[in-house]
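Numbers here simply count residues along the sequence, with the first being 1. Quick caveat, the model's predicted, so the values are computed rather than measured.
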Amino acid sequence: MPYCLSCGRLRKFKGAFCPQCMEDEYKRAEPDRKIRQARIQREYERAAARAAFLMPGSDTDKSSH
């Protein structure tokens with residue numbers, strides 16, 4: 001039986017980490033994943049708004065009178 005690389009305990013598992021440590025790591029990283037996803041979504045929305053504003057012939061383009 002191998003040792004877990006996270007907790008160092010001797011456990012039966014596949015891979016480098018025991019199931020308990022993998023679950024703990026997933027729960028610990030969940031808020032980081034949500035923040036990162038929200039940041040990506042905001043950047044995507046900003047890029048889409050910029051593209052819509054700069055698109056020629058759009059209603060928001062006032063310089064082409």
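Note: L54 CG to R50 CZ = 8.5 Å, rounded to the nearest 0.5 Å.
Between C4 and F17, the shortest heavy-atom distance links the atoms SG-CA, 3.8 Å. Nearest heavy atom pair, residue C18 against residue C7, reads SG-SG, 4.0 Å.
Side-chain contact between R39 and R42: present, with at least one pair of heavy atoms (C-beta onward) separated by less than 4.5 Å.
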Apply side-chain contact (heavy atoms from CB on, under 4.5 Å) to residues M22 and E25 and explain how you reach the verdict.
CA-CA 5 Å; M22 288 190 312; E25 176 62 25; 5.8 Å; no
Using side-chain contact (heavy atoms from CB on, under 4.5 Å), reason through R46 and E43 one step at a time and then give a plain yes or no.
CA-CA 5 Å; R46 286 179 189 148; E43 185 58 33; 4.0 Å; yes
Under the criterion side-chain contact (heavy atoms from CB on, under 4.5 Å), I'd like the reasoning laid out for E30 against Y26: C-alpha separation, chi angles, the key distance, then a yes or no.
CA-CA 6 Å; E30 183 66 24; Y26 182 80; 3.6 Å; yes
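The side chain to side chain contact (heavy atoms under 4.5 Å, CB included) search around A49 returns none, not counting sequence neighbours. Residues forming a side chain to side chain contact (heavy atoms under 4.5 Å, CB included) with Y44 (at least two apart in sequence, or on another chain): Q41.
Around the CZ atom of R33, the shell of radius 6.0 Å holds more than 12 heavy atoms that belong to other residues, nucleotides or ligands.
Between E23 and K27 there is a salt bridge, since at least one side-chain N of the basic residue sits less than 4.0 Å from a carboxylate O of the acidic one.
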